[in-house]
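Here the structure is laid out as structure tokens; the discussion comes afterwards.
Side chains included, hydrogens not; waters and symmetry mates left out as well; all remaining heavy atoms used.
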Amino acid sequence: MNITNIILVTENHNGSETNSLMDLLAFIDFAEKESWLSLKELAEDMAVLGRTCGGKEKWMESCFAEDTTLFARYCADEKQLEAFLQGGYNTDKEWKFDEQRCSENCLDCLKALGISTDKRLEQEHGTPGQMKKLDEHHSRLQNQFSLFYALSRNELATDSIKSEATKAMYEEFGTGRRELFLKNLEGGKYDSGFAHGEKQQRAR
């Protein structure tokens, strides 16, 4: 699927916004089920949607209920797609991305491009190149923890070395338990330093 065939969709219900990605057939089906539009209104909206191809600013806007508005446009490029996934077009600070509404081929396209739907990861670490650096950061942390952990339990090490290794684990990672360290690592607890370092490098 070409990225320009992806439709960026935002449903605003009473000020609460939900984002999703759809292909044309899924979008028409969604609009018919959710919007209660007449066929004439749906055809008019499809014409407006078609005119969003190529440009970046124009959006189709359809108010199909007093408290619900649908915004949609064809994706212009990868930069716009990433901005959409990061909430760059939302007015609701608590917006959400609903994968259940998305067309499977749109999600497959994201995977092929190396783009995550996780807005926290995208906002902090951004591009696939930065994500690779994040993986390297995690690998370094795992090696560091493993070293401290092994020293703290090494029968041949002196008590002072064991004590210093245990102290280092708690100072660096807040725990001496391997399972808790791995849980924290997976949850992004140790990523703040990485994100700060990336920002400093970009500022230079």
Below 4.5 Å, heavy atoms only, C-beta onward: do [X] and [Y] meet side chain to side chain?
| X | Y | result |
| --- | --- | --- |
| R101 | T18 | yes |
| L107 | N105 | no |
| C109 | L113 | yes |
| L185 | F145 | no |
| T4 | C75 | no |
| L70 | E61 | no |
| E78 | I3 | yes |

Check for a donor-acceptor pair, side chain of [X] on one end and backbone N or O of [Y] on the other, with a separation under 3.5 Å.
| X | Y | result |
| --- | --- | --- |
| S163 | D159 | no |
| D77 | Q80 | yes |
| N90 | D92 | no |

For [X] and [Y], which heavy atoms make the closest approach, and how far apart are they?
| X | Y | answer |
| --- | --- | --- |
| F148 | E172 | CE1-CG, 4.2 Å |
| A72 | T52 | O-CG2, 4.4 Å |
| M22 | S103 | CA-OG, 3.3 Å |
| C102 | F97 | SG-CZ, 3.5 Å |
| W95 | N19 | CE3-ND2, 3.5 Å |
| I7 | L24 | CD1-CA, 3.8 Å |

Around atom CD of E57, are there more than 12 heavy atoms of other residues, nucleotides or ligands at under 6.0 Å?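 12 or below, so no.
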Is it the case that more than 12 heavy atoms not belonging to E104 sit under 6.0 Å from its CD atom?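 Open.
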About how many Å separate [atom2] of [Y] and [atom1] of [X], when rounded to the nearest 0.5 Å?
| X | Y | atom1 | atom2 | result |
| --- | --- | --- | --- | --- |
| L8 | L85 | CG | CG | 8.0 Å |
| K162 | R153 | NZ | CZ | 10.0 Å |
| H13 | D67 | NE2 | CG | 4.5 Å |
| E164 | T158 | CD | OG1 | 9.5 Å |
| L147 | Q142 | CG | CD | 13.5 Å |
| L110 | C106 | CG | SG | 7.5 Å |

Evaluate the criterion side-chain contact (heavy atoms from CB on, under 4.5 Å) for residue pair M46 and F27; output intermediate values, then yes/no. CA-CA 10 Å; M46 290 302 101; F27 178 74; 3.1 Å; yes
Please state whether the rings of F181 and F173 are parallel, tilted or perpendicular, taking 30° and 60° as the class boundaries.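 The rings of F181 and F173 stand perpendicular, inter-plane angle above 60°.
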Answer yes or no for R73 and F71: cation-pi contact, defined as NZ/CZ to six-membered ring centre under 6.0 Å and angle to ring axis within 45°.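 Output no; distance or angle outside limits.
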With a distance cut-off below 6.0 Å to the six-membered ring centre and an angular limit of 45° from the axis, does R178 pair with Y149 as a cation-pi contact?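 Yes, R178 lies over the aromatic ring of Y149.
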Determine whether L21 and L81 satisfy the following criterion, side-chain contact (heavy atoms from CB on, under 4.5 Å), listing intermediate values before the conclusion. CA-CA 9 Å; L21 304 173; L81 177 58; 4.0 Å; yes
Between V9 and S20, does the side-chain contact (heavy atoms from CB on, under 4.5 Å) criterion hold? Intermediate values first, please. CA-CA 5 Å; V9 183; S20 57; 3.7 Å; yes
Would [X] and [Y] count as having a side-chain donor-acceptor pair, cut-off 3.5 Å?
| X | Y | value |
| --- | --- | --- |
| N14 | S16 | no |
| N184 | Y190 | yes |
| T91 | E17 | yes |
| T69 | N12 | no |

Applying side-chain contact (heavy atoms from CB on, under 4.5 Å) to E11 and F30, what does each step give before you reach the verdict? CA-CA 11 Å; E11 182 181 9; F30 174 76; 3.7 Å; yes
Would you say M169 ends up clustered with L182 if hydrophobic residues are merged whenever their side chains have heavy atoms under 4.5 Å apart, either directly or through other cluster members?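 Linked, L182 and M169 end up in one cluster.
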